[in-house]
Every structure is written in C-alpha cells, then in structure tokens.
Amino acid sequence: MLFALMALAGAVALQDAGVESFEPQGFTASFTVEIDAPPATVFDAATGDVSPWWDHSFALEPAELVIEPRFGGRFYERLREGSDDGALHATVIYVDAPSALRLHGPLGLSGRSVDLVTSWTLRPQDDGTRFQVDLAMQGQIDAELAAVVLATWQHFIGGRLKPWIEAGCHREPQSPCAAWDAP
C-alpha cells in the first residue's frame with residue numbers, strides 16, 4: 001500500500017514538473033549510392049575532415065567537423081577555433097577500412113531520446129564503389145522523423161559526397177569546389 005501511494009505521489013509530482021511520456025518507436029532504413037571511385041578513395045574522402053562536403057552543423061561555420069576512422073573514434077564538431085565548445089555527433093563503434101564504418105550517436109537529433117546506429121558498407125563495383133548506408137533508430141522518433149533521417153543521409157552521401165569525389169574535389173579539399181554549383 002505504501003508503495004502504491006508513493007507511486008501515485010510520484011506520478012502527480014511528474015505531471016506538475018512538466019514531464020511528458022512518449023511512446024518509443026523503432027525504424028530501419030537503407031539505401032545505396034554508386035560512386036565512381038575505388039572504395040579506399042571513397043572511405044578516405046568520407047572520413048577525417050568532412051567539413052568540405054558535410055553541410056549540416058550546429059555552428060554556421062564550424063572550426064572542425066571530423067569523423068575519426070578508428071574504433072572509439074569520434075564524429076565531432078568544434079564550434080570555434082581553439083574552443084572546447086562543440087558537439088559529439090557519434091562514436092565510431094566499428095571500422096574495417098576501407099570497407100565498413102559504424103557510427104553510434106544521435107547526430108543532429110541531440111536533445112532527443114534517440115538511439116541511432118549508422119552503418120556504411122563500401123564494396124568494389126566495376127570501376128567504382130557501391131556505398132550502402134543502413135540505419136537503425138529507436139526511441140523518441142516517429143515515422144516522419146525517421147523519413148527525415150533517411151532523406152538527410154541520402155543527401156549527405158548521394159547529394160554531397162558522391163559529386164564531391166566525382167568532381168575530384170577530394171584531392172584538394174581546401175580549394176573551392178564546383179561540385180554542387182547549379183548548372
């Protein structure tokens with residue numbers, strides 16, 4: 001009886017504190033992009049300093065945007081040069097360069113109760129690479145947000161990384177690149 005009264009009092013206190021429950025959901029999604037470059041080139045371009053092709057960040061112009069291609073590595077954003085302010089977007093939980101990388105973290109969904117695992121699989125194909133992205137997400141996410149996550153990854157890999165590599169911009173990443181200029 002005492003525990004029931006404590007639970008009831010706790011529930012009332014949570015309501016008074018503005019606590020809202022949510023129904024956790026889970027989704028998976030995957031897609032592939034063919035990139036006209038060998039897997040090692042694609043892997044190297046997709047990791048390390050990704051700021052030339054990654055166009056979503058917390059800062060308007062982040063000082064650093066890096067995917068460290070080693071297990072335990074970080075995908076992080078440093079907001080300002082010389083500052084410790086920033087965001088840990090994900091942690092590298094698996095790497096088998098140049099054929100696979102797996103990230104675990106909320107990416108741009110920081111601030112939500114979301115568990116997101118993003119897996120990259122790069123396979124040689126003809127004269128290029130078949131880049132597969134598999135997403136597994138669960139938590140405070142609905143079908144609409146899951147579709148946004150999928151579309152965002154399609155944008156990064158198919159709309160940004162692919163043209164950046166195929167235009168040869170990865171060879172001089174600090175130089176201007178016309179890969180995304182409108183025709």
Side-chain angles (χ1 to χ4, degrees), residues 26-59 61-62 64-71 73-77 87-110 114-138 141 143-183:
F27 299 91
T28 60
S30 65
F31 67 94
T32 59
V33 174
E34 295 178 12
I35 301 176
D36 190 19
T41 299
V42 173
F43 187 89
D44 288 345
T47 59
D49 179 5
V50 299
S51 59
W53 62 271
W54 190 278
D55 65 348
H56 288 53
S57 58
F58 288 109
E61 293 184 31
E64 289 182 283
L65 201 53
V66 175
I67 298 175
E68 299 170 329
R70 59 182 171 77
F71 70 91
R74 302 165 297 161
F75 176 12
Y76 69 90
E77 174 182 348
L88 178 62
H89 294 293
T91 302
V92 176
I93 58 172
Y94 177 81
V95 63
D96 184 10
S99 60
L101 183 101
R102 188 165 298 130
L103 300 165
H104 179 235
L107 300 169
L109 299 176
S110 180
V114 173
D115 193 30
L116 174 60
V117 175
T118 305
S119 300
W120 297 349
T121 306
L122 288 73
R123 298 278 184 254
Q125 175 178 299
D126 300 325
D127 291 331
T129 299
R130 182 175 188 268
F131 193 125
Q132 181 170 327
V133 177
D134 294 297
L135 303 166
M137 49 197 128
Q138 63 184 3
I141 190 165
E144 183 179 339
L145 186 55
V148 168
V149 171
L150 173 61
T152 302
W153 271 106
Q154 289 170 325
H155 164 77
F156 288 140
I157 304 304
R160 299 289 295 177
L161 180 65
K162 174 185 170 73
W164 188 66
I165 292 171
E166 291 180 352
C169 299
H170 65 289
R171 292 185 196 103
E172 296 183 41
Q174 301 311 318
S175 297
C177 180
W180 308 289
D181 293 346

Heavy-atom closest pair, residues P69 and G48:
CD-N, 4.2 Å
State, yes or no, whether a side-chain contact exists between I165 and F131 at a heavy-atom distance under 4.5 Å.
no
Looking at CD1 of I157 and CH2 of W54, how far apart are the two atoms once the value is rounded to the nearest 0.5 Å?
7.0 Å
Gap separating the CZ atom of F31 from the CG atom of D134, nearest 0.5 angstrom
9.0 Å
T129 and P38 have their tightest heavy-atom pair at OG1-C, 3.1 Å
Heavy-atom pair with the smallest gap, counting every atom of V117 and H104:
CG2-CD2, 3.5 Å
Give, for atom OG of S119 and atom CD1 of I93, the distance between the pair rounded to the nearest 0.5 Å.
7.0 Å
Is a side-chain N or O of E68 found less than 3.5 angstrom from the main chain of R74, in a donor-acceptor match?
yes
Given L103 and V92, is the side chain to side chain contact (heavy atoms under 4.5 Å, CB included) satisfied, shown in steps?
CA-CA 5 Å; L103 300 165; V92 176; 3.8 Å; yes
Decide whether R130 and Q132 meet the rule of one side-chain donor and one side-chain acceptor closer than 3.5 Å.
yes
Check the pair W153, L107 against side chain to side chain contact (heavy atoms under 4.5 Å, CB included), reporting the backbone distance first and the verdict last.
CA-CA 11 Å; W153 271 106; L107 300 169; 3.5 Å; yes
Interatomic spacing from CG in D115 to CG in L109 - rounded to 0.5 Å:
11.5 Å
Separation of T28 OG1 from Q138 CD (nearest 0.5 Å)
11.5 Å
Taking all non-hydrogen atoms of both residues into account, name the closest pair between S57 and E77 and its distance.
CB-OE2, 3.3 Å
Of all the heavy-atom pairs spanning F71 and V95, show the shortest one and how long it is.
N-CG1, 3.4 Å
When you look at L101 and F75, which way does the side chain to side chain contact (heavy atoms under 4.5 Å, CB included) test go after all the steps?
CA-CA 12 Å; L101 183 101; F75 176 12; over 6 Å; no
For E64, what residues pass the salt bridge (Lys or Arg N to Asp or Glu O under 4.0 Å) criterion, not counting sequence neighbours?
R78
Take the angle between the ring planes of W53 and F156 and call it parallel below 30°, perpendicular above 60°, tilted in between.
perpendicular
Sequence neighbours left out, what pairs pass salt bridge (Lys or Arg N to Asp or Glu O under 4.0 Å) with at least one residue falling in residues 32-55?
D55-R160
Closest heavy-atom pair, L161 versus A46, reported as atoms and distance to 0.1 Å, is CD2-CB, 3.7 Å
